[in-house]
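See below for the structure under consideration.
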Amino acid sequence: MALVNEHFLKLPGSYLFSDIAKKVNTFKVTHPKQDIIRLGIGDVTQPLVPACIDAMHKAVNEMEQKNTFRGYGPEQGYDFLIEAIIKNDYAARGVQLSNSEVFISDGAKSDTGNIGDILRHDNSVGVTDPIYPVYIDSNVMCGRAGVLEDGRWSNVVYIPCTSENYFIPQIPEKRIDILYLCYPNNPTGTTLSKQELKKWVDYALANDTLILFDAAYEAYIQDPEIPHSIYEIKGAKKCAIEFRSFSKTAGFTGIRCGYTVVPKELTAATLTGERIPLNQLWNRRQSTKFNGTSYITQRAAEAIYTPEGKEQIKKMIGYYMNNARIMKEGLDSTGLKVYGGENAPYLWVKTPKGISSWRFFEQMLYEAHVVGTPGVGFGPSGEGYIRLTAFGEHADCIEAMKRIKTWLR
Ligand SMILES: *Cc1c(COP(=O)(O)O)cnc(C)c1O
C-alpha cells in the first residue's frame, strides 16, 4: 500500500488566486459587458528587453552547431552568469563571494520552497505576517508547520507587520530556529532600513537562528540607504541564505531564472552539536534533485548585466515604479491609507472603516471594476488590507485610479 504524505492534506482547500478567479468569473457572468482591470496577481506585463532577446537568439544559434551545442550544464549554473552576479550584485556593494557560494536556479519560488530539504523537520519557523504564502505552505508539506488552529500554524511564529508598527517586525518572545524575511516585502511593499535589518542579523547571531532572506524585489529599491542584500550587514554571512530572482528584475516570470547564495561560513547544528556547512548540503541537494537552468536562459540572464541590459532594465523598472507613483498619489487623494509603492511594485491599502479584505475586494470589483488581492490571503495580519500591484499597463493603472476615485467620491 502506497501511503501519501498526509501533511499535504492539512493545507487549506484552495489557493488564494483561485478563489479570486472564481469571484471574478462570477462577476463576469452577471456583467458580461463590463471590462475589469486586474491589479491583483503579481505577474509582469512588459516584454523581455532587447539585450536578453539578442542573447537568447545567439544562444539558440550555438545550440544548432555541433561544436557549440550544450547538453547538461553544471547543476549550480555556468560560471559566466555566476561571475556576472558576483561582480554586479555583490562586489559592487562591497560584498565578496566566491563562485561556489552562488547557485543558479529556475527561480526563487523553487529555492525558497526547496530549502527546507536541508533542515530538520522540527525546527521552529518564524515569518513576518502578512507574507508570501510559499514559505509557510512548503513547511506545512514536510510537517514543520504543525497543525492549523484558527488560521495559524502551531509551529509557526507570526511576527505582525501592520500600520500600527509601521510594518517593522519586532523581535518575538518565542524562540525561532528559521526565520523568513522578504525585503522589499511582498505583499506590503515596505522595506527595512540597514539599522532594522541589523537588528535581525544580531538576533540571528545571538540565537543561532537561520535567516532565509528573499530579495526578489531588490531591483525596485530607489532609496540609496536601503540595503539590497542582507550581506551588506556585518555578520550576515554566518546566519543567512539569500534568494534572488530575475522574474521581477527583468520580466523572467516565464523564462525562469533566479539564484541562491549560501555562504561558506554559514553552518547549522546536528542534534549532537556538530556544525555542518549548509553550502555543502545545498550543493548536494541541488546536484541530486536539479539538473540546471537552461543554457539559453542563463545567457539571457547574463545579458542583464551588460551596459545595454542594465539601461534597458532600469527603464522597465522605471515604468513599473511610475505606475506605483501614480497609483499611490491616486489612492492618497481618495483619503485611503496607502503603504509601500516607493521601493517596491506593491501598494498595500488599508480598507476604510475597518471592513474586511474580502468585502473590500468585492466592493471594488462590483463598484469600480478593479481587481486587487485581499490582504488576509497573505496571513492573519493582512486582514483589513488589500494589495494592488504596479505591474499593469500604464493606461490601465491610470484608468483604475479614475474608477476608484469616482467610486469613493
Ligand atoms: C515573485 C516572487 C518571487 C519570485 O519567484 P520566481 O520563482 O523567481 O518567479 C520570490 N519571492 C517572492 C516574495 C515573490 O513575490
Side-chain angles (χ1 to χ4, degrees), residues 15-17 20 39-46 48 52 77 81 85 89 102-116 125-139 159 161 167 169 179-192 211-221 228-230 240-261 286 289-290 292-294 297-298 300-301 304 313 316-317 320 324 340-341 343-348 372-373 375 377-379 381-382 387-392:
Y15 185 52
L16 172 64
F17 290 102
I20 293 171
L39 302 177
I41 296 180
D43 199 358
V44 297
T45 53
Q46 300 306 299
L48 293 183
C52 295
L81 178 55
I85 287 167
D89 288 344
V102 178
F103 297 83
I104 308 297
S105 72
D106 63 352
K109 187 195 249 186
S110 319
D111 286 0
T112 52
N114 291 332
I115 195 73
V125 175
V127 292
T128 56
D129 174 35
I131 201 60
Y132 184 55
V134 172
Y135 309 152
I136 293 183
D137 288 1
S138 60
N139 279 294
I159 306 170
C161 294
F167 302 95
L179 170 67
Y180 290 84
L181 293 178
C182 173
Y183 287 98
N185 189 257
N186 175 12
T188 66
T190 58
T191 53
L192 279 194
I211 297 179
L212 301 176
F213 191 76
D214 186 345
Y217 295 94
E218 148 298 310
Y220 288 82
I221 294 173
H228 288 242
S229 165
I230 194 166
I241 291 175
E242 180 162 290
F243 303 93
R244 295 262 186 120
S245 168
F246 297 109
S247 285
K248 318 307 177 350
T249 303
F252 274 42
T253 52
I255 298 291
R256 310 303 308 141
C257 195
Y259 65 89
T260 291
V261 178
Q286 289 298 80
K289 292 198 186 181
F290 184 60
T293 306
S294 85
T297 299
Q298 292 190 62
I304 293 167
I313 295 299
M316 184 156 78
I317 288 168
Y320 293 132
N343 295 288
Y346 293 116
L347 292 120
W348 189 243
T373 312
F378 299 100
S381 294
R387 189 192 73 175
L388 298 180
T389 88
F391 284 131

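In listed order, ligands and their atoms are each counted from 1.
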Heteroatom proximity flag, Gly107 to ligand 1, N/O under 3.5 Å: no

Just how far is it from atom CD1 of Ile159 to atom OG of Ser381, taken to the nearest 0.5 Å? 10.5 Å

Which protein non-hydrogen atom lies closest to atom 15 (O) of ligand 1, naming both residue and atom, and how far is it? Tyr217 OH, 2.5 Å

For the pair Phe378 and Trp348, name the ring-plane relationship: parallel under 30°, tilted 30 to 60°, perpendicular over 60°. perpendicular

Out of curiosity, Thr45 OG1 to Phe391 CZ, how far, rounded to the nearest 0.5 Å? 8.5 Å

About how many Å separate CZ of Phe243 and CD1 of Ile115, when rounded to the nearest 0.5 Å? 4.5 Å

Gap between atom OG1 of Thr190 and atom OH of Tyr183 - 0.5 Å precision: 5.5 Å

Before you tell me yes or no, could you show the steps for Tyr346 and Tyr217 under ring pair (Phe, Tyr, Trp, His ring centres under 6.0 Å), namely the whole-Å CA-CA distance, both residues' side-chain angles and the distance that decides it to 0.1 Å? CA-CA 10 Å; Tyr346 293 116; Tyr217 295 94; 5.2 Å; yes

Compute the shortest N/O to N/O distance between Asn186 and ligand 1 and return yes if it is under 3.5 Å, no if not. yes

Run the numbers for me: atoms of ligand 1, each under 4.0 Å from some heavy atom of Lys248, listed by number. 1 (C), 2 (C), 3 (C), 4 (C), 14 (C), 15 (O)

Would you say Asp214 has any N or O atom under 3.5 Å from an N or O of ligand 1, going by distance alone? yes

Which one of Lys109, Arg244, Arg256 has a non-hydrogen atom at the shortest distance from atom 5 (O) of ligand 1? Lys109

Purely on distance, is any nitrogen or oxygen of Ser245 under 3.5 Å from one on ligand 1? yes

Tell me, do Leu16 and Thr373 make a side-chain contact under 4.5 Å, heavy atoms counted? yes

Do Asp111 and Thr260 get their side chains close enough for a donor-acceptor pair, meaning under 3.5 Å? yes

Short N/O distance, under 3.5 Å, between Tyr135 and ligand 1? no

Which of the numbered atoms in ligand 1 are below 4.0 angstrom from a heavy atom of Ser247? 6 (P), 8 (O), 9 (O)

Distance filter under 4.0 Å to Ala216 heavy atoms, resulting ligand 1 atoms: 3 (C), 10 (C), 11 (N)

What atoms of ligand 1 come within less than 4.0 Å of a heavy atom belonging to Cys182? 13 (C)

